[in-house]
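A quick write-up on the structure given underneath.
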Amino acid sequence: MILDLDHTLGCGQVFRWRKEGDEWKGVVDGRMVTLRQTGERIDVSGMSEERFAIYFRQDDDLKAIYEELGGDEHLSSYFKRYQGLRLVRQDPWECMASYVLATNANIPRIQGMIEKVCRTFGTEMDGFYAFPTPGQLLDRCERSESCGLGYRSKRFIEMARLVQREEVDFSGLMSMGYEECVQELVRLPGIGPKVADCVSVFSLEHLEAFPVDVRIRKAMAELYGMEGSYRTVNRLSREKFGRWAGYAQEYIYYAYGR
DNA sequence: CATCAACCTGATCA
DNA sequence: ATGATCAGGTTGA
């Protein structure tokens, strides 16, 4: 199935993949992964083909999504321009923790904070660091002071505590409906409506979620005249795009940031 | 429900 | 160069 690594890993949904020359490097399941795309072909090392297919959501019928949403003038143009941009199946803990850190900071800073956290707490492999497990974080949580996380630090550590104690039921959140999932997520420290939507769509299989950040808010206002509270823009967008709203959001976000 | 200031701090702007 | 403003929001009132 069609997949474009540059769009998929560069659109902003993931924070830690890096392109070095023509290779994408990242960590999946605590393993270093290297990817190289030449045309349609992708060489994979460090992960199985099966794991690759799951991680890059090869089970989503992208052509069907394009057809279902292609009636929209803006999306149809984005689909042509950024063909092969896919959502990724992120690890729920890493996704949740990363987006808690990502609140009210710009992308360079977000990447800096996450990189510092990985270097401070994560397992090292060939100069690359894995995202820390909740246990690694809690073992030396006083070190988080040197990571420049600001007021996110407390929320980050508290989140690790909840996950470590298994008080966050990821598989339960995946199997319940989108609305209920969001309702549960916003009870957690550092998670408001926006982060709840990000976690829902990027790691909990709720592809109808539609995160509204400042960039998307601007885009939805300019493209469709949608304005109002988070709840309003979110609801109108989900009504407009339906079950694949998450895909629509990612294309709009990417297109609007360029 | 909607609104709003306060919040850490590195990037970016003027 | 340097002070103001902004940045993929959340919280509590």
Side-chain angles (χ1 to χ4, degrees), chain A residues 7-17 78 82 85 87-88 90 92 94-120 131 141-162 168 179 181-204 206-207 209-223 226-239 241 245-258:
Chain A
H7 294 328
T8 298
L9 297 176
C11 71
Q13 61 180 321
V14 288
F15 295 110
R16 295 209 65 229
W17 284 89
Y78 299 158
Y82 309 123
L85 165 57
L87 290 174
V88 155
Q90 299 186 228
E94 177 171 345
C95 180
M96 179 177 275
S98 297
Y99 278 93
V100 164
L101 294 179
T103 59
N104 199 23
N106 57 31
I107 290 173
R109 182 163 178 220
I110 296 169
Q111 291 178 337
M113 284 190 283
I114 294 178
E115 193 58 33
K116 263 189 181 170
V117 162
C118 292
R119 285 174 183 271
T120 305
F131 194 86
C141 63
E142 71 283 353
R143 291 192 185 177
S144 67
E145 290 168 20
S146 62
C147 294
L149 308 181
Y151 53 72
R152 302 162 193 80
S153 180
K154 191 178 167 188
R155 303 168 178 173
F156 182 52
I157 291 165
E158 190 52 35
M159 183 67 67
R161 213 162 264 142
L162 292 174
V168 184
E179 311 236 7
C181 174
V182 167
Q183 200 176 320
E184 290 298 316
L185 287 174
V186 296
R187 295 156 52 87
L188 302 174
I191 299 192
K194 191 272 178 177
V195 172
D197 274 323
C198 287
V199 177
S200 294
V201 70
F202 297 139
S203 73
L204 297 174
H206 296 294
L207 300 194
F210 191 91
V212 180
D213 54 43
V214 291
R215 190 195 293 183
I216 286 291
R217 171 177 295 285
K218 189 165 171 243
M220 296 311 284
E222 287 180 13
L223 298 176
M226 280 187 200
E227 289 177 12
S229 63
Y230 184 96
R231 192 184 141 73
T232 304
V233 177
N234 171 266
R235 181 176 47 74
L236 291 174
S237 302
R238 284 187 293 108
E239 284 169 3
F241 300 125
Y247 266 97
Q249 194 268 7
E250 213 49 36
Y251 276 86
I252 295 169
Y253 182 83
Y254 188 46
Y256 238 73
R258 325 197 75 198

Which nucleotide in the list C/dA7, B/dA2, C/dT11 gets nearest to the side chain of A/Asn104? C/dA7
Expressed as a whole number of angstroms, how long is the span from A/Phe156:CZ to C/dT10:P? 16 Å
May I have the distance from A/Ile107 (atom CD1) to C/dC6 (atom P), rounded to whole angstrom? 18 Å
Sub-3.5 Å donor-acceptor pair from the side chain of A/Gln249 to the main-chain atoms of A/Pro211, do we have one? yes
Options B/dC7, B/dT12, B/dT9, nucleotide nearest the side-chain atoms of A/Pro108: B/dT12
Taking NZ, NE, NH1 and NH2 as the nitrogens, is one of them in A/Glu158 or A/Arg155 under 4.0 Å from a carboxylate oxygen of the other? no
Roughly how far apart, to the nearest Å, are C/dA1 and B/dT9 at atom P? 24 Å
Both A/Pro211 and A/Pro189 contact DNA chain C. Which one's nearest nucleotide lies toward the 5' end? A/Pro211
Any strand, both distances under 3.5 Å, Watson-Crick or G-U wobble: B/dT3 pairs with C/dA13
Once you round it to whole Å, what is the distance between C1' of B/dC8 and CG of A/Asn106? 13 Å
Starting at CG of A/Leu149 and ending at P of C/dT10, how long is that distance when rounded to a whole Å? 16 Å
A/Leu188 near the nucleic acid: base, sugar-phosphate alone, or nothing, with a heavy-atom cut-off under 4.0 Å? sugar-phosphate
Rounded distance (Å) that lies between atom P of B/dT9 and atom NZ of A/Lys116: 11 Å
Using a heavy-atom cut-off of under 4.0 Å over every strand shown, decide if A/Glu250 touches base, sugar-phosphate, or nothing. nothing
Within the structure shown, what part of the strands sits under 4.0 Å from A/Ile216 by heavy-atom distance: base, sugar-phosphate, or nothing? nothing
Using the P atom in both, what is the distance from C/dG3 to B/dC8, to the nearest Å? 22 Å
Electrostatic pair A/Arg16:A/Glu115 at N-O distance under 4.0 angstrom: yes
P spacing across the pair B/dT12 / C/dG9, given as an integer number of angstrom: 16 Å
A/Asp213 has an atom CG; how far is it from atom C1' of C/dC6, in whole Å? 14 Å
A/Gln13 backbone acceptor or donor facing A/Tyr253 side chain under 3.5 Å: no
Check against ring pair (Phe, Tyr, Trp, His ring centres under 6.0 Å), A/Tyr78 and A/Tyr256: CA-CA 10 Å; A/Tyr78 299 158; A/Tyr256 238 73; 7.7 Å; no
So what does A/Gly150 touch, heavy atoms closer than 4.0 Å: a base, only the sugar-phosphate, or nothing? base
A/Lys154 NZ to B/dA6 C1': how many Å, rounded? 14 Å
What's the closest nucleotide to the side chain of A/Arg109 if the choices are C/dG9, B/dT9, B/dA2? B/dT9
A/Val100 to A/Met159 - nearest heavy-atom pair and separation: CG2-CE, 4.0 Å
Quick one: label A/Val100 by what it contacts on the DNA or RNA (base, sugar-phosphate, nothing), any heavy atom closer than 4.0 Å. nothing
Please give the nucleotide sitting opposite B/dC8 as a Watson-Crick or G-U wobble pair, both distances under 3.5 Å, or none. none
Under 3.5 Å donor-acceptor pair, A/Arg231 side-chain atoms to B/dC1 base atoms: no
Using whole Å, report how far CD of A/Glu115 lies from C1' of B/dT9. 18 Å
